[in-house]
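To start, the structure itself, in structure tokens.
A quick note: this is a predicted structure, and the numbers were derived from the prediction, not measured.
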Amino acid sequence: MTSHSLYLLEQLNSGCGYFIQADRCLLAKRTRYQDLALYESAHFGKFLCLDNLFMTSEADEFFYHENLIHPAAMTHPAPRSALIIGGGDGGAAEEVLKHSTIEHVVLAELDAEVVDVCREQLGTIHRGVFDDPRLQLMIGDGRTYLENVTTTFDLIILDLTDPQGPSLGLYTQEFYHLCKTRLSGAGLLALHVESPISRPKTYARIITTLCQVFPIVRPYLVYIPLYGTWWGMATASESSDPCALTPSEVEHQIATRGIEHLRFYNGDTHRSVFALPNFIRELLRQPVSPLTDASVDLDEAPLPYRLKVVSESVTPMP
């Protein structure tokens with residue numbers, strides 16, 4: 001008996017890549033802003049691709065979402081409001097709303113079709129968060145929203161696609177300064193900053209750009225199975241430092257805020273993700289120019305492709 005398998009090959013940089021074997025493609029379309037595809041595999045369950053990049057999966061989303069949200073949210077003494085820019089799959093919002101102190105979350109997603117597909121197909125990731133009365137969904141450009149809003153937020157989360165296309169303007173010094181003006185006194189910005197393994201120059205420039213704006217910038221590292229590599233994240237703040245929390249303090253806050261169903265994050269992992277290896281420290285000591293609205297080029301070699309789909313007939317072993 002012969003079956004057909006899809007092999008999805010994502011090129012991480014000019015010299016290496018990563019593949020996933022998918023059982024089938026559930027959906028593939030061009031939205032107003034990007035290419036969107038939804039696949040299903042035995043290993044990852046359903047997983048989302050945007051502009052030919054792996055985004056999130058049912059099986060491993062907690063690696064990404066728990067670590068994007070909780071180090072910053074736990075550092076704030078009592079976060080009540082949050083803004084998520086991007087995050088149309090709902091995973092980041094679901095993690096923020098686990099904190100009992102949170103009263104209001106704005107989810108600013110550019111692409112309504114991403115929300116529609118994820119709301120229908122990825123319930124195990126968002127867990128019904130789009131029906132939570134504390135969540136306000138705003139379809140539109142996140143930067144424009146920040147420029148016009150007058151309120152401040154305890155947390156701003158940048159859950160963006162990689163720095164290309166519509167998201168490029170959300171990785172610049174000017175945009176980070178705008179975020180700073182919209183944070184409350186103890187507020188924190190949390191974001192992903194690319195991979196120091198596959199995109200080291202981009203990683204270093206994003207961290208350098210953050211350091212031009214915020215006095216406290218804390219890079220940290222998380223392995224994301226769907227991405228096939230270590231992934232960089234960071235918090236940035238005027239006054240709040242996640243490295244000041246002890247594991248016991250984190251565990252106490254988890255209990256006090258009634259946070260449940262954590263598969264990755266705990267007091268020990270809160271501290272451990274901030275432990276940077278020496279080669280990362282050395283990378284961040286190298287002089288690089290910050291990203292600005294006028295100069296947002298990323299210096300990385302252009303890639304001939306980001307995602308290639310190969311269909312192959314396979315005869316199962318007896």
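- Under 4.0 Å is where a charged nitrogen must lie from a carboxylate oxygen, and between Glu260 and Lys98 no such pair does.
- Applying the ring-ring contact (aromatic ring centres under 6.0 Å, His included) test to every pair with at least one member in residues 129-181, sequence neighbours left out, gives these pairs: His126-Phe130.
- Heavy-atom minimum distance, Leu189 versus Leu183: N-CD1, 3.9 Å.
- A 4.5 Å side-chain heavy-atom check between Leu97 and Val129 finds at least one atom pair inside the cut-off.
- Here the shortest heavy-atom pairing between Val217 and Ala236 reads CG2-CB, 4.2 Å.
- By the 4.0 Å N-to-carboxylate-O rule, Glu95 lies too far from Arg127 to be salt-bridged with it.
- Without hydrogens or angle criteria, Asp60 side chain to Phe63 main chain gives no donor-acceptor distance under 3.5 Å.
- Glu174 pairs by the salt bridge (charged side-chain N to carboxylate O under 4.0 Å, His left out) definition with nothing, not counting sequence neighbours.
- Checking side-chain atoms of Asp23 against main-chain N and O of Ala42 turns up a donor-acceptor pair under 3.5 Å.
- Residues that satisfy the salt bridge (charged side-chain N to carboxylate O under 4.0 Å, His left out) test with Lys46, not counting sequence neighbours, are absent from this structure.
- Remark: Asp35 pairs with Arg30 by the salt bridge (charged side-chain N to carboxylate O under 4.0 Å, His left out) rule, at least two apart or across chains.
- Under a hydrophobic-cluster definition in which Ile, Leu, Val, Met, Phe, Trp and Tyr are linked whenever side-chain heavy atoms come within less than 4.5 Å, directly or via other members, Tyr64 and Tyr39 are assigned to the same cluster.
- For the pair Ser100 (side chain) and Arg257 (backbone), a donor-acceptor distance under 3.5 Å is present.
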Enumerate, atom names and distances included, each donor-acceptor pair closer than 3.5 Å involving a side-chain atom of residues 261-268, sequence neighbours excluded.
| residue | atom | partner | partner atom | Å |
| --- | --- | --- | --- | --- |
| Tyr265 | OH | His270 | ND1 | 2.7 |
| Asn266 | OD1 | Asp268 | N | 2.9 |
| Asn266 | OD1 | Thr269 | N | 2.8 |

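- A heavy-atom distance below 4.5 Å is found between the side chains of Met74 and Leu245.
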Compile the donor-acceptor pairs under 3.5 Å between side chains in residues 224-235 and protein atoms, sequence neighbours left out, one pair per line.
| residue | atom | partner | partner atom | Å |
| --- | --- | --- | --- | --- |
| Tyr227 | OH | Met55 | O | 2.7 |
| Trp231 | NE1 | His192 | ND1 | 3.2 |

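- When every heavy atom of Pro219 is checked against every heavy atom of Leu284, the shortest pair comes out as CG-CD1, 4.0 Å.
- Here the side chain of Thr209 pairs a donor or acceptor atom with the backbone of Leu291 at under 3.5 angstrom.
- Proximity of a side-chain donor or acceptor of Ser240 to a complementary backbone N or O of Ser237 within less than 3.5 Å is not detected.
- Nearest approach of Glu194 to Thr202, heavy atoms of both residues: CG-CG2, 3.7 Å.
- Leu26 and Phe44 sit in two unconnected hydrophobic clusters of ILVMFWY residues. Membership requires side-chain heavy atoms under 4.5 Å apart, directly or through other members.
- In terms of modelled atom types and a separation under 3.5 Å, the side chain of Ser295 and the main chain of Thr292 share no donor-acceptor contact.
- The pair Lys29-Glu113 meets the salt-bridge criterion, with a side-chain N (NZ, NE, NH1 or NH2) lying under 4.0 Å from an Asp/Glu carboxylate O.
- For the ring-ring contact (aromatic ring centres under 6.0 Å, His included) condition, the pairs that include at least one residue of residues 73-111, sequence neighbours left out, are His70-His99.
- With hydrogens and angles ignored, the 3.5 Å screen pairs a side-chain donor or acceptor of Glu10 with a backbone N or O of Phe54.
- For Asp131, the side chain to side chain donor-acceptor pair (under 3.5 Å) partners at least two apart in sequence or on another chain are Arg119.
- Grouping Ile, Leu, Val, Met, Phe, Trp and Tyr by side-chain contacts under 4.5 Å, direct or through others, puts Tyr33 with Leu110.
- Applying the salt bridge (charged side-chain N to carboxylate O under 4.0 Å, His left out) rule to Glu40 yields the partners Arg24; only residues at least two apart in sequence or on another chain are considered.
- Between the side chain of Arg281 and the main chain of Leu276, a donor-acceptor pair closer than 3.5 Å is present.
- Looking at heavy atoms from C-beta onward, Ile139 lies in side-chain contact with Leu137 at the 4.5 angstrom threshold.
- Between Ile157 and Ile85 there is no side-chain heavy-atom pair separated by less than 4.5 Å.
- Applying the side-chain hydrogen bond (donor to acceptor under 3.5 Å, both in side chains) rule to pairs touching residues 213-225 yields Arg218-Asp241, sequence neighbours excluded.
- Across every non-hydrogen atom of Leu122 and Thr56, the tightest pair is CD1-CG2, 4.5 Å.
- Within the structure, the salt bridge (charged side-chain N to carboxylate O under 4.0 Å, His left out) test picks out the following pairs touching residues 147-171 (sequence neighbours left out): Arg143-Glu147.
- At distances below 3.5 Å, not a single donor-acceptor pair connects side-chain atoms of Gln286 with backbone N or O atoms of Leu283.
- Between Ile216 and Glu238, the shortest heavy-atom contact is CD1-O, 4.0 Å.
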